[in-house]
**Q** 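Below you will find the structure I want to go over with you.
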Amino acid sequence: MTLPKFTYHPDPLATGAVVKSMKVCDCCGEARGYLYSGSIYSQRDVEWLCPWCIADGSAAREFKASYSDDFPLDGAGLKREVIAEVCQRTPGYQSWRQEVWLDHCGDACEFHGFADHDELKALSGQALQAFLSRHMLKANLWQDILDTYEKGGNPAVYKFRCRHCGDILYGMDFL
Ligand SMILES: [Zn+2]
Ligand SMILES: [Zn+2]
């Protein structure tokens, strides 16, 4: 079975947002082999959703559910259709406190999961400066973080890619 395509989350199996499971989806009532493992924001009691019910928006309609916070994207001035697609029709990601979906070139970025240690160590020049200033980090603190960084650890660093210029952006969250 082929998973639905998510413009802003191209490989949800690789990021762990979609996992193999034979549990039944709360929306379509079917066990289709895959379920979403990330956050679901809804007033209703909804535990399991399949990626198909996320992709076609049926779960968002049925449960008034969203999977990511729209506040950062709204604040970035993105188009309403883009915000709706990211928050209501795209698997979100697990974050320590609050996920922030990054944007670039007037569009939401693709989410690519946790950053690799090697790519973070390789950050330098302008890319590094931009990252440090976005997260208000001092260079020496960043060095300490790098020494102990683990994928999925605390702090977490997430990788995003701009769909237009290809720039890589990193989001960060910690407990
Ligand atoms: Zn479903
Ligand atoms: Zn860009």
**Q** Counting distance only, does the side-chain N/O of R44 pair as donor-acceptor with the main-chain N or O of E62 below 3.5 Å?
**A**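 It does hold such a pair.
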
**Q** Between L141 and Y149, is there a shared hydrophobic cluster once you connect ILVMFWY residues whose side-chain heavy atoms come closer than 4.5 Å?
**A**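 Yes.
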
**Q** Do E119 and Y170 pair up side chain to side chain, a donor and an acceptor below 3.5 Å, judged on atom types alone?
**A**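 Distance-only check passes for E119 and Y170.
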
**Q** Please check: side-chain N/O of S37 versus main-chain N/O of G16, any donor-acceptor pairing under 3.5 Å?
**A**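 Answer holds: yes.
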
**Q** Is there a side-chain contact between E99 and Q94 in this structure, where contact means two heavy atoms from C-beta onward sitting under 4.5 Å apart?
**A**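 No, every pair of side-chain atoms sits at 4.5 Å or beyond.
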
**Q** Could you go through T90 and T7, starting from their C-alpha distance and side-chain angles, then the distance that decides it, and tell me whether this counts as side-chain contact (heavy atoms from CB on, under 4.5 Å)?
**A** CA-CA 8 Å; T90 301; T7 303; over 6 Å; no

**Q** Hydrophobic clusters here meaning ILVMFWY residues chained together by side-chain heavy-atom distances under 4.5 Å, can you tell me if V24 and W48 are in one?
**A**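 No, no single cluster joins them.
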
**Q** Could you walk me through whether L137 and I145 pass side-chain contact (heavy atoms from CB on, under 4.5 Å), step by step?
**A** CA-CA 10 Å; L137 278 173; I145 290 172; 4.1 Å; yes

**Q** Once rounded to the nearest 0.5 Å, what's the spacing between atom CE of M172 and atom CG of L102?
**A**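 Nearest 0.5 Å value for the CE-CG distance: 12.0 Å.
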
**Q** Does a side-chain heavy-atom distance below 4.5 Å link P51 with P12?
**A**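 They are not in side-chain contact.
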
**Q** Among pairs that include at least one residue of residues 131-154, which meet salt bridge (charged side-chain N to carboxylate O under 4.0 Å, His left out), considering only residues two or more places apart or in two chains?
**A**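 Of all non-adjacent pairs touching residues 131-154, those that pass salt bridge (charged side-chain N to carboxylate O under 4.0 Å, His left out) are D116-K151.
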
**Q** Do the side chains of V46 and W52 join up, straight or via other hydrophobic residues, at under 4.5 Å, putting them in one cluster?
**A**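 No: no chain of side-chain contacts under 4.5 Å links V46 to W52.
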
**Q** Is V157 linked to W96 within one hydrophobic cluster, defined over Ile, Leu, Val, Met, Phe, Trp and Tyr using a side-chain heavy-atom separation of less than 4.5 Å?
**A**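 Each belongs to a different hydrophobic cluster.
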
**Q** Using side-chain heavy atoms (C-beta onward) and a distance below 4.5 Å, is L169 in contact with H104?
**A**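 The answer is yes, as the side chains (C-beta and beyond) meet within the 4.5 Å cut-off.
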
**Q** Return the set of residues passing ring-ring contact (aromatic ring centres under 6.0 Å, His included) with F111 (not counting sequence neighbours), or none when no residue passes.
**A**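 F111: ring-ring contact (aromatic ring centres under 6.0 Å, His included) contacts with H9, Y93, W101, F160.
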
**Q** Is there a donor-acceptor contact under 3.5 Å from the side chain of D26 to the main chain of E47?
**A**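 Yes, the answer is positive, given that a donor and an acceptor are paired below the 3.5 Å cut-off.
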
**Q** Is there a side-chain contact between F63 and L49 in this structure, where contact means two heavy atoms from C-beta onward sitting under 4.5 Å apart?
**A**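 In short, these two side chains touch, coming nearer than 4.5 Å.
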
**Q** List the atom of G113, the atom of T15, and the distance in Å for their closest heavy-atom pair.
**A**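 In this case the closest contact between G113 and T15 is N-CG2, 3.5 Å.
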
**Q** Given side-chain contact (heavy atoms from CB on, under 4.5 Å), test L13 with Y34 step by step and report yes or no.
**A** CA-CA 9 Å; L13 276 177; Y34 292 94; 3.7 Å; yes

**Q** Quick one: are L73 and C87 in side-chain contact, heavy atoms under 4.5 Å?
**A**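 The answer is yes, as the side chains (C-beta and beyond) meet within the 4.5 Å cut-off.
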
**Q** Below 4.5 Å, heavy atoms only, C-beta onward: do H112 and P10 meet side chain to side chain?
**A**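 Result yes, sub-4.5 Å side-chain heavy-atom pair found.
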
**Q** When you group the ILVMFWY residues by side-chain heavy-atom contacts below 4.5 Å and let the links chain together, are V19 and F114 in the same group?
**A**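 Different clusters: F114 never reaches V19 through Ile, Leu, Val, Met, Phe, Trp or Tyr contacts under 4.5 Å.
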
**Q** Quick one about D107 and Y8 (side-chain donor to acceptor, distance below 3.5 Å, no hydrogens or angles considered), yes or no?
**A**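 Result is yes, a qualifying pair exists.
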
**Q** Could you measure the distance from the SG atom of C162 to the NE2 atom of H164? Nearest 0.5 Å is fine.
**A**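 Taking SG in C162 and NE2 in H164, the distance rounds to 5.5 Å.
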
**Q** If you round to the nearest 0.5 Å, how far is CD of Q129 from OG of S124?
**A**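 Between S124 OG and Q129 CD, I get 10.0 Å after rounding to 0.5 Å.
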
**Q** What's the shortest heavy-atom distance between A60 and Y67, and which atoms?
**A**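 For A60 and Y67, the tightest heavy-atom pair comes out as N-OH, 3.7 Å.
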
**Q** Is there side-chain contact between I83 and D74, with heavy atoms separated by less than 4.5 Å?
**A**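 Yes - at least one pair of side-chain heavy atoms lies under 4.5 Å apart.
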
**Q** Within 45 degrees of the ring normal and closer than 6.0 Å to the centroid, is that where the cationic atom of R97 sits relative to F174?
**A**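 Verdict for F174: a cation-pi partner in R97.
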
**Q** Taking atom CD of E85 and atom NZ of K79, what is their separation to the nearest 0.5 Å?
**A**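 Reported to 0.5 Å precision, the distance equals 11.5 Å.
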
**Q** Determine the minimum heavy-atom distance between P91 and A17, stating which atoms define it.
**A**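 Distance-wise, the nearest heavy atoms are CB-CB, 4.0 Å.
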
**Q** Output, in order, the C-alpha distance, side-chain angles, deciding distance and verdict of side-chain contact (heavy atoms from CB on, under 4.5 Å) for Q88 and R61.
**A** CA-CA 9 Å; Q88 290 157 29; R61 280 193 300 277; over 6 Å; no

**Q** As an exercise, state the distance from CG of L35 to NZ of K20, rounded to the nearest 0.5 Å.
**A**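 Spacing of CG (L35) from NZ (K20) equals 13.0 Å.
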
**Q** Side chains of R161 and D167, heavy atoms from C-beta outward: is any pair under 4.5 Å?
**A**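 Contact flag for R161/D167 side chains = no.
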
**Q** Please report the interatomic distance OG1(T148) to CD(Q143), rounded to the nearest 0.5 Å.
**A**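 Going from the OG1 atom of T148 to the CD atom of Q143 covers 11.0 Å.
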
